[in-house]
Structures are given as structure tokens and as C-alpha cells.
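Taking it in order: structure first as C-alpha cells, then the write-up.
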Amino acid sequence: MRYISTRGLAPALNFEDVLLAGLASDGGLYVPENLPRFTVEEIASWAGLPYHELAFRVMRPFVAGSITDADFKRILEETYGVFAHKAVAPLTQLGANEWVLELFQGPTLAFKDFALQLLGRLLDHVLSKRGERVVIMGATSGDTGSAAIEGCKACDNVDIFIMHPHNRVSEVQRRQMTTILGDNIHNIAIEGNFDDCQEMVKASFADQGFLKGTRLVAVNSINWARIMAQIVYYFHAALQLGAPHRSVAFSVPTGNFGDIFAGYLARNMGLPINQLIVATNRNDILHRFMSGNSYDKDTLHPSLSPSMDIMVSSNFERLLFDLHGRNGAAVAALLDSFKATGKLSVEDDRWTEARRLFDSLAVDDEATCATIAQVHGETGYLLDPHTAIGVKAARECRRSLALPMVILGTAHPVKFPEAVEKAGVGKAPELPAHLADLFQREERCTVLANDLKAVQDFVSQHGNRGKPL
Ligand SMILES: *Cc1c(COP(=O)(O)O)cnc(C)c1O
């Protein structure tokens, strides 16, 4: 499989190089040159497969030529073997033809484990084959950091540096990062905010001299391997609900358009998805595009669903590429103008094309808490605030009551106690067994000033299994 850039100028790469690449050299994002397409018979034959075997069949074309079948099978079995539930991604019924797909059974209790558990193992496999080591630098406001650290902790060839804003992440989220101990794991608390952390990551990618030749790898959702891993659970859920002989709809809590873009790809690969609902919080740039063809930058509104607090959606570019007939020059022009003006809209027929599949809703904090309370009252089931946004959007935007509606359950409610408390449903949720002693574990973290040089010096002093590069 070859991968091309959404801006049309960077060279095509194979899977291995895309895994290590991050942004393309022309500023675009990598996408498969040709999407695999499965027949109805093929998809039907996968019914009942264990998660890792389904994952092998769905993702095999994407890694072809870079990873052998035997290696890929072994990696997938290991990856999904660490999930707490035997079904890996179980479905729970909420109402008539309405289901939550529980994507929070992994080590850090959010859906990001699906991609980052795999990414860590793929990186280590490719790097040991090449005899290389890399450094990962990432910024987090919570979920991404812990999932990335958990995914990389066993990697012999990766040193990971995760920056979080000092004293500005929840205690559960901080401890999920800082209690994972290892020579190659480095938590940095920055005396600044999330944007300061992200700016330092960006600046480090732009000028990598401090790394003395060691390659820097990205783990945010622009990394193609993360999107790829997320395609699988759409197949997994739909197969259980009657696909490919019956269509299924999905409602997806989203910020960076990563998770829902994976659903869009599943549909283009042959899975009968009749509707995809973009569910946002008050940071609603995606909703404003889907409902009114206006993708205009707004200020940031902190919310009770912080993992979706964004101003622009990094993966939206991948959809724009398809909407423009995969014309990289057109996408580059559009995004250059967005960078200059903060505004973007597309021609009417392209927007109408998107609307054939996508609907959307923006849900504020008040409605989020009301939905947590409503569902708890109906069923006793406790939603996290991100998933609650998905449920609200599913109930408002649903096109057909006859078809199953699947809401992606992106996090466990224990990660977001504030919203659960505000919803007034009584007792706070408890940590699952594998994290029960989280508050007793030893923490390891370095506090650094909001200063690029201090961070880069720290990385070069510790980037080789804790020793200097
Ligand atoms: C990251 C995250 C999201 C948003 O994911 P996107 O890929 O931006 O769509 C939603 N919910 C939770 C809990 C998350 O951690």
C-alpha cells in the first residue's frame, strides 16, 4: 500500500515510512492512495470473529508490503489481549435499537487505547527491524498522554516525553501518566497551559537539532496508523447488529475528526453505514460546517468534555481532500486561505455531498449533564460526558428508527467525575480493578518552566533510555 499527501506535493510513502512520518513534507496529511474495498460476501464471512482476527482482515491491506502476515497477527493478538473485556469492544443496549459501543475497556479507559496500544507495538517492531531508536514528544490535556505512555511503555526502541500543563489536568489523568515507571518514560509538567505545551512540540518538530540525528515521531491523531486502527471497531459493531445485510448508523463524539473519519473510511470500504453523526461540545466548528457550510475559527471554550475542546479539527483536511476529488492543489489553496482568514467554506455541491452521509449537533454542558441524568434514570447506566454528547446527538439527529444506532462510548465515566457530579446522579463511579490502587502508586514527573530551551535540553539529556542522546 502506498500513501499520498492531501496537499499533493510530498512524495508517496509506504506504510512503514508513514508510521514514522507525522506531517507530510508539504504540510499535508497522509491517506491511502487506494482504499481497499470488501465485498458483501467477504464482510459477511467475518461475522463472529474474535476482535484481533477481524482487525487482521480489515487492516491487512493497509500494511501490505511492510509487515508480514505472521508478525501482524501476533502484534494484533498482543494488542487487543490487554483489554479488560473479552469482547474488547462490547455493545450495551440503551434503548430501542440504540446501543453504546464501549471503547473504554483498555488500560487507560478511553478509546485512544485502541490506536495507541497498536501504534507502540508497530513502532517497536519496525524500529527493531531497522536497528533504529526514536524519540516521541507529545502534548496532552489528559487522554492522549496516558494512552501514548501505556502504548509505548514496553517499547525497547522508543523514549517518550509527554508534556502536560502543571496542576491543570485531573488527578486521575495525571496519575494515569506519572505512575507508569520506566527508563524510557518521561512526564514533564510545564508551568503553562496546554497551548504552551503544544507550541513546544510544534517548535521541536520544526527544528530538530537538539535531537542529534535521532528521529522525532508524532503520536497525535494526524498519524495515519491511529485512524487505521479505529476503522476496525465500526466493522466489529456493525457485524454484530446485522451488517452487511442491514445498514447501521453511528453517532460519534468528536473534536479532531479522527474517530469519525475512521467511520467514513469503513463505509467507503464497503460497510453499509447509512448515517454518521458529528457530535461536538460548544467547540462546534465541525457542527457549523456540517449544518451551514461554515468552517470558521472561534475562540476556545473550556467544557466538561475537555477531550473535545478544540478550535480547529486536524483531520478535517482528510475529508476535504475527498470532497475535492482528491485534488491536493485545491486543498492546499483552501487551507492557505483558512490560515490567513480563519474562514473556510466549500462549493455547494461538495457540501451537499458531505451532507448525504453526515449530520451534526453541538451539545452544551447543561444538555450534557441532562443527558447523563436522563440515561441514568432510564436504565441505571452511567455515561461519561463525551459519550453523553453522542447520545444526545443520536436522539436528535437520527434518520431511521428501524436501523440500529450505535453511539461510540469514548471514555469511562470515572475519568470525568466533575460532569457526573454536576449531573446529580448520586454516587461517583469507581475505578475498575486494574486501577484500584492508582492513588497509592509512586509518581514520577519533572516540573519545567514554560521554556523551549529547558524542555529541549531535558530531552537531549534523557532521550536514550534516560541517558543523553
Ligand atoms: C480524544 C477524545 C475524543 C475526540 O476524538 P477525535 O479523534 O478528536 O474525534 C472524544 N472523547 C474522548 C474521551 C477522547 O479522549
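We count ligands from 1, going down the list as the structure has it; atoms in each ligand are counted the same way.
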By the definition side chain to side chain contact (heavy atoms under 4.5 Å, CB included), identify the one residue from Met290, Arg355, Arg288, Glu396 that meets it with Ser360.
Met290
For Asn256, side chain to side chain donor-acceptor pair (under 3.5 Å) partners two or more places apart
Ser314
By side chain to side chain donor-acceptor pair (under 3.5 Å), Asn281 pairs with (sequence neighbours left out) Asn283, Ser303, Ser305, Asp309
Under 4.0 Å from ligand 1, residues with heavy atoms, in chain and number order, are Phe111, Lys112, Asp143, Pro253, Thr254, Gly255, Asn256, Phe257, Gly258, Asp259, Ser307, Met308, His386, Thr410, Ala411
Checking the side chain of Ser251 only, and the main-chain atoms of Gly390 only, is there a donor and an acceptor separated by less than 3.5 Å?
yes
Sorted by chain and number, sequence neighbours left out, side chain to side chain contact (heavy atoms under 4.5 Å, CB included) with Phe114 holds for Tyr51, Tyr80, Phe83, Val88, Ala89, Leu103, Tyr233
Quick one: are Met308 and Ile389 in side-chain contact, heavy atoms under 4.5 Å?
yes
